[in-house]
Chemist: 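Below you will find the structure I want to go over with you.
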Amino acid sequence: MYLCANYNDINMSSKVRVRFAPSPTGPLHIGGVRTALYNYLFAKKHGGDFLLRIEDTDQTRFVQGAEKYIVEALAWCGISPDEGIGGEDRGNGPYRQSERKPMYREYAEQLLAADKAYIAFDTAEELDAMRQMAKDAGASNWQYNYITRGNMKNSLTLPKEEVDAKIAAGEPYVVRIKLPRDHEVRLEDTIRGWVSVNTNNMDDKVLFKADGMPTYHLANIVDDHLMGITHVIRGEEWLPSAPLHVMLYEAFGWECPTFAHLPLLLKPDGPGKLSKRDGDRLGFPVFPIDWKNDETGETASGYREFGFFPGAFINMLALLGWNPGTEQEVFDLQGLVDAFDLSKVSKSGAKFDFEKGKWFNQLYLRDLSEVELAQELKNVLDNEGLSYNEAHLGTIATMMSERATFPKDLLEEGRFLFETPSVYDEKTRNKKWSDASAPMMQDIAHRFNALPDFTSEAIEASFKGYLAEKELGFGKVGPSFRLAVTGRGMGPSMFTICAVLGKDEVLARISKAIKVLG
RNA sequence: GGCCCCUUCGUCUAUCGGUUAGGACGCCAGGUUUUCAUCCUGGAAAGAAGAGUUCGAUUCUCUUAGGGGUCACCA
């Protein structure tokens, strides 16, 4: 039996060191961001280091710009690596596995020398034939194990001279781990507890590829060891290979780190894990920031560009699979660090809920000061090339903030504050605009025109004075007045709107409305 | 299919043998608002099923069902 218990947690005397190790095959998915976030939170919580390492051992899947994207996305979230890519080099580098290529071979050699691994000459065809044979024989589960390796061409079945000759002749080969027969591998996962697998159900995985590169399994274990990683926090998709990793630590004679396998982010509706397609289908981003695919020219949308605040984004992500055990739901990054506890991460996958994410963003938007809100609105206006009176931005942004979830709503919900309406809401027009409306608007325009100060209070007093004088209810005049000035049937206080627009504009709009609506 | 993991309201979750099973998002209703939004109040909504252990199971064990992951010279 091979055990991998949480020794690190029994005496957390050594400094906590965790890593996020994505492979640069494209944009980072929000599931990956959450994994990075949990790693970061755990490190900071325990005064440890968070490293960023790039696992680019598969040159065929390398995507230009992906690494830059990962660093930028994490930076937007407020996650900065202490060490590695995007952080300092503290002597454990390089931090890209492609640049560490030369060192992996010696570790493969080490396992070979210790009889913990062997050289295999199987071709792809031979492997396929073997699988097919097993299938034809009715074997439901085929493993590349102690039985299979006895029937293949490798350093265990061939005489040493022949192996040497093949290598000398330049024949391609791989190095596979030599798993013992019928051993129980047990590892203690911080989130899941003890996980147990028998080696009979495991494969002699390839550790070192024919192209001279290590596979994930070898490179990952070697690097984690060399970089002093104490806790491996990664997605649940790695749980099936965790026992293999335990066997590798065992083979090297290294102490294994503490494992924690995070639950997956699932589709909001159907089965399966969250994918880019779900985002496209359901109308929400699955990436932290925009990603431009250079080959197709398409852009995959990101939370940043969608209008999310980084704080809201990570707040939402953090609560997807973890909770503080209290009823608090709103946390800033430091608050998350303080409250984070790996053992309170849930075991089951979490269906992604974009609605909750929107709620978080709304909360964060409302928490902004008037100055900050004004700046957000200014950005949106500038982006659209609309002109505005800077002095009113704070008032407008604050007024609109209660009906906004994203900065762009600050404008969308009150576009009439910046543009004279060209269309008038049909439903409101049919229901609220009558033959009596035009004369009433005319009267109101006259009264407004006489106002010395066109303030919200003065406008309100004037408007109500008109109602009293004519003995009219608000409902008789208000809706059509709103329609005339804003073109809409609903919105914020008309008096504030008028004050912001200014007397000239309001009068102009009223006369235009009378012309158009009749 | 093999192996592994998981299973409380529609969703995210609290509960670490004894609770009227709590909160949040969403939804519904009422109130505030001339309107809408906001805000306030209230409501509907859950322990997959079956055994066992126990004085007592959502909680512990087993079985079944369901869901997920993984089975590459990808990570």
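Side-chain atoms are counted along with the backbone in the values below, which use heavy atoms only and exclude waters and symmetry mates.
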Chemist: In Watson-Crick or G-U wobble terms, both distances under 3.5 Å, what is the partner of B:rC62?
Modeler: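 Answer to the pairing question: B:rG50, which forms a Watson-Crick or G-U pair with B:rC62.
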Chemist: Answer with base, sugar-phosphate or nothing: what part of the nucleic acid does A:Val174 contact at a heavy-atom distance below 4.0 Å?
Modeler: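 Base, at least one base heavy atom under 4.0 Å.
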Chemist: Any side-chain N or O of A:Lys344 below 4.0 angstrom from OP1/OP2 of B:rU13?
Modeler: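 No, because none of the side-chain N or O atoms of A:Lys344 sits under 4.0 Å from OP1 or OP2 of B:rU13.
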Chemist: Using purine N1 to pyrimidine N3 plus N6-O4 or O6-N4 for Watson-Crick, or N1-O2 and O6-N3 for G-U wobble, each under 3.5 Å, what pairs with B:rC55?
Modeler: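 Check on B:rC55: paired to B:rG18, both distances under 3.5 Å.
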Chemist: With a 4.0 Å limit, can you tell me whether A:Lys351 has a side-chain N or O closer than that to the phosphate oxygens OP1/OP2 of B:rU7?
Modeler: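 Looking at the OP1 and OP2 atoms of B:rU7, neither is under 4.0 Å from any side-chain N or O of A:Lys351.
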Chemist: Figure out the CD/P separation between A:Gln328 and B:rU13, and round it to whole Å.
Modeler: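 Nearest whole value for this atom pair: 17 Å.
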Chemist: Taking only N and O in the side chain of A:Asn201, is any of them less than 4.0 Å away from OP1 or OP2 of B:rG2?
Modeler: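 No, outside the criterion.
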Chemist: May I ask you to check whether A:Tyr38 and A:Phe340 place their ring centers less than 6.0 Å from one another?
Modeler: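 Between A:Phe340 and A:Tyr38, which both carry aromatic rings, the centre distance is below 6.0 Å.
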Chemist: Below the 4.0 Å mark, does B:rC71 have OP1 or OP2 next to a side-chain nitrogen or oxygen of A:Arg131?
Modeler: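 Checking A:Arg131 against B:rC71: no side-chain N or O falls below 4.0 Å of OP1 or OP2.
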Chemist: Go through the steps for A:Lys209 and A:Tyr173 under the test side-chain contact (heavy atoms from CB on, under 4.5 Å), then give the verdict.
Modeler: CA-CA 7 Å; A:Lys209 299 183 270 188; A:Tyr173 67 91; over 6 Å; no
Chemist: Base, sugar-phosphate, or nothing for A:Thr25, non-hydrogen atoms under 4.0 angstrom?
Modeler: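 Nothing, no heavy atom under 4.0 Å.
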Chemist: Taking only the side-chain heavy atoms of A:Glu329 (C-beta and beyond), determine which of B:rA75, B:rC12, B:rA24 contains the nearest atom.
Modeler: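 The answer is B:rA24, which lies nearest to the side chain.
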Chemist: Quick one: is B:rA75 close enough that its OP1 or OP2 comes under 4.0 Å of any side-chain N or O from A:Lys209?
Modeler: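 So the side chain of A:Lys209 is within the cut-off, an N or O lying under 4.0 Å from OP1 or OP2 of B:rA75.
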Chemist: Using the C1' atom in both, what is the distance from B:rU59 to B:rC16, to the nearest Å?
Modeler: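 Nearest-Å result for B:rU59 against B:rC16 at atom C1': 8 Å.
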Chemist: Classify the side chain of A:Arg192 versus the base of B:rC5 as yes if they form a donor-acceptor pair under 3.5 Å and no if they do not.
Modeler: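 Per atom types, no contact qualifies.
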Chemist: Report the residue (A:Gly321 or A:Leu127) whose heavy-atom-nearest nucleotide on RNA chain B is the more 5′ of the two.
Modeler: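 Upstream on the strand: A:Gly321.
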Chemist: Using the C1' atom on both, measure B:rG69 against B:rG52 and round to a whole Å.
Modeler: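 To the nearest whole Å, 30 Å.
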Chemist: Between A:Lys351 and A:Asp269, does any side-chain N to carboxylate O distance fall below 4.0 Å?
Modeler: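 Salt bridge flag = no for A:Asp269 with A:Lys351.
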Chemist: Find the partner of B:rG30: check Watson-Crick (N1-N3 plus N6-O4 or O6-N4) and G-U wobble (N1-O2, O6-N3) distances, both under 3.5 Å, and reply none if neither fits.
Modeler: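 Across all strands, the one nucleotide that pairs with B:rG30 is B:rC40.
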Chemist: In the structure shown, which nucleotide is the Watson-Crick or G-U wobble counterpart of B:rA45, with both distances under 3.5 Å?
Modeler: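 Across any shown strand, B:rA45 pairs with none.
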Chemist: Please determine, for the side chain of A:Arg366, which listed nucleotide (B:rA14, B:rC39, B:rU7) has the closest atom?
Modeler: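 Nearest to the side chain of A:Arg366 among the choices is B:rC39.
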Chemist: For A:Asp203, answer base if it contacts any base atom (sugar-phosphate contacts may also be present), sugar-phosphate if it contacts only those atoms, and nothing otherwise; contact means non-hydrogen atoms under 4.0 Å.
Modeler: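 The residue A:Asp203 makes sugar-phosphate contact but no base contact.
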Chemist: Applying a 4.0 Å non-hydrogen cut-off, can you work out what A:Gly473 is touching in the nucleic acid: base, sugar-phosphate, or nothing?
Modeler: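 Here A:Gly473 touches no strand at all.
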Chemist: Say you pick atom C1' in B:rC9 and the same atom in B:rG26; how far apart are they, in whole Å?
Modeler: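 Those two atoms are separated by 12 Å.
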Chemist: Taking atom types as they are modelled, would you say the side chain of A:Lys356 forms a donor-acceptor pair with the base of B:rA24 within the 3.5 Å cutoff?
Modeler: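 Pair found.
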Chemist: If you check the A:Lys273 side chain, which of B:rC73, B:rC25, B:rG69 turns out closest?
Modeler: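 Within the option list, the nearest is B:rG69.
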Chemist: Can you tell me how far C1' of B:rC6 sits from CG of A:Leu262, to the nearest Å?
Modeler: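 That distance rounds to 14 Å.
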Chemist: Please examine the side chains of A:Leu336 and A:Trp322, heavy atoms only from C-beta on, and report whether any two atoms are closer than 4.5 Å.
Modeler: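 In contact.
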Chemist: Hey, does A:Ala350 reach any base, or is it just sugar-phosphate, or nothing, if we go heavy atoms under 4.0 Å?
Modeler: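 Since only primed, P, OP1 and OP2 atoms lie under 4.0 Å of A:Ala350, the category is sugar-phosphate.
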Chemist: Which part of the nucleic acid, if any, lies within reach of A:Ser346 when heavy atoms closer than 4.0 Å are counted: base, sugar-phosphate only, or nothing?
Modeler: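 Sugar-phosphate, backbone atoms only, no base.
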Chemist: Return the value, rounded to whole Å, for the distance between atom CG of A:Leu317 and atom P of B:rC12.
Modeler: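 Those two atoms, CG and P, are 15 Å apart.
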Chemist: So what does A:Trp142 touch, heavy atoms closer than 4.0 Å: a base, only the sugar-phosphate, or nothing?
Modeler: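 The residue A:Trp142 makes no contact with any strand.
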Chemist: For the side chain of A:Glu355, starting at C-beta, report the closest nucleotide among B:rC39, B:rU35, B:rG26.
Modeler: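 Of the options given, the side chain of A:Glu355 lies nearest B:rG26.
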Chemist: Side chains of A:Phe495 and A:Glu457, heavy atoms from C-beta outward: is any pair under 4.5 Å?
Modeler: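 Sidechains of A:Glu457 and A:Phe495: no contact.
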Chemist: With the side chain counted from C-beta on, respond yes when A:Ile54 and A:Ser23 share a heavy-atom pair under 4.5 Å apart, and no when they do not.
Modeler: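 Not in contact.
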Chemist: Please give the distance between the P atoms of B:rA37 and B:rC28 as a whole number of Å.
Modeler: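 Each nucleotide's P atom is 11 Å from the other's.
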Chemist: Have a look at A:Gly357 and say if it touches a base, only the backbone sugar-phosphate, or nothing, with a 4.0 Å heavy-atom cut-off.
Modeler: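 It contacts nothing in the nucleic acid.
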Chemist: Nearest-Å distance, CZ (A:Arg19) to P (B:rA75)?
Modeler: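 Atom CZ in A:Arg19 sits about 14 Å away from atom P in B:rA75.
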Chemist: Is it the case that over 12 heavy atoms from other parts of the model lie below 6.0 angstrom from the CD atom of A:Glu469?
Modeler: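 Enclosed.
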Chemist: Looking only at atom P, what distance separates B:rC27 and B:rU7, rounded to whole Å?
Modeler: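 Straight-line distance between the two P atoms is 28 Å.
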Chemist: Tell me which nucleotide among B:rA75, B:rC4, B:rA14 gets nearest to the side chain of A:Val195.
Modeler: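 Between B:rA75, B:rC4, B:rA14, the one nearest the side chain of A:Val195 would be B:rC4.
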Chemist: Going by an N to O cut-off under 4.0 Å, is there a salt bridge joining A:Arg415 and A:Glu419?
Modeler: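 A salt bridge is present here (some side-chain N lies under 4.0 Å from a carboxylate O).
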Chemist: Nearest of B:rC74, B:rC25, B:rU38 to any side-chain atom of A:Arg61?
Modeler: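 Taking heavy atoms from C-beta onward, the closest nucleotide is B:rC74.
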Chemist: Searching all strands shown, indicate the nucleotide that pairs with B:rG1 (Watson-Crick or G-U wobble; both distances under 3.5 Å).
Modeler: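 Its partner is B:rC71 (Watson-Crick or G-U wobble, both distances under 3.5 Å).
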Chemist: Starting the side chain at C-beta, find the nucleotide from B:rG23, B:rC73, B:rU13 nearest to A:Glu327.
Modeler: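 Among B:rG23, B:rC73, B:rU13, the one nearest the side chain of A:Glu327 is B:rG23.
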Chemist: Using a 4.0 Å heavy-atom cut-off, does A:Lys476 contact any base of the nucleic acid, only the sugar-phosphate backbone, or nothing at all?
Modeler: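 Answer is nothing: A:Lys476 stays at 4.0 Å or more from every strand.
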Chemist: Give one of base, sugar-phosphate or nothing for A:Arg488, where a contact means two heavy atoms less than 4.0 Å apart.
Modeler: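 Nothing: the residue A:Arg488, judged by heavy atoms under 4.0 Å, touches no strand.
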Chemist: For A:Glu125 and B:rC73, give me the distance from atom CD to atom P, rounded to whole Å.
Modeler: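 For the pair A:Glu125 CD and B:rC73 P, the rounded distance is 13 Å.
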Chemist: Who is the Watson-Crick or G-U wobble partner of B:rA24, with both distances under 3.5 Å?
Modeler: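 Across any shown strand, B:rA24 pairs with B:rU11.
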Chemist: For the CZ atom of A:Arg186 and the OG atom of A:Ser196, what is their distance to the nearest 0.5 Å?
Modeler: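 One finds 5.5 Å between CZ of A:Arg186 and OG of A:Ser196.
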Chemist: Remember a base hit wins even if backbone is also touched, and classify A:Pro492 as base, sugar-phosphate or nothing at under 4.0 Å, heavy atoms.
Modeler: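 Since a base atom lies under 4.0 Å of A:Pro492, the category is base.
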Chemist: Against A:Asp204, only a single residue in A:Arg176, A:Lys178, A:Arg149 fulfils side-chain hydrogen bond (donor to acceptor under 3.5 Å, both in side chains); can you say which?
Modeler: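 Checked A:Arg176, A:Lys178, A:Arg149 against A:Asp204; only one passes side-chain hydrogen bond (donor to acceptor under 3.5 Å, both in side chains): A:Arg149.
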Chemist: Rounded to whole Å, please give me the gap between CZ in A:Phe284 and P in B:rU11.
Modeler: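 Atom-to-atom, A:Phe284 to B:rU11, this comes out as 15 Å.
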Chemist: For A:Ile191 and A:Phe352, take the nucleotide of RNA chain B holding the closest heavy atom to each; which residue's nucleotide lies nearer the 5' end?
Modeler: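 It is A:Ile191, whose closest nucleotide lies nearer the 5' terminus.
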Chemist: Taking CZ from A:Phe121 and P from B:rC73, how many angstroms apart are they, rounded to a whole number?
Modeler: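 Value for this atom pair: 16 Å.
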Chemist: Mind checking A:Thr57 for me? I need base, sugar-phosphate or nothing, with any heavy atom below 4.0 Å counting as a touch.
Modeler: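 Contact class for A:Thr57: sugar-phosphate only.
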Chemist: Consider the side chain of A:Lys205, meaning its heavy atoms from C-beta on, and name the nucleotide among B:rA72, B:rA75, B:rC6 that approaches it most closely.
Modeler: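 Comparing B:rA72, B:rA75, B:rC6 against the side chain of A:Lys205, the answer is B:rA72.
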Chemist: How far does the P atom of B:rC12 sit from the matching atom of B:rC71, given to the nearest Å?
Modeler: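 About 25 Å, rounded to a whole number of Å.
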Chemist: When you compare B:rG66 with B:rG30, how far apart are their P atoms, in angstrom units rounded to a whole number?
Modeler: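 Rounded to whole Å, the distance is 43 Å.
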Chemist: Pick the C1' atom in B:rA14 and in B:rG47, then give their distance to the nearest Å.
Modeler: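 Pairwise C1' distance, B:rA14 against B:rG47, rounds to 13 Å.
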Chemist: When you measure from the side chain of A:Glu237, which nucleotide among B:rA24, B:rU70, B:rC73 comes out closest?
Modeler: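 Nearest to the side-chain atoms of A:Glu237, counting from C-beta on, is B:rU70.
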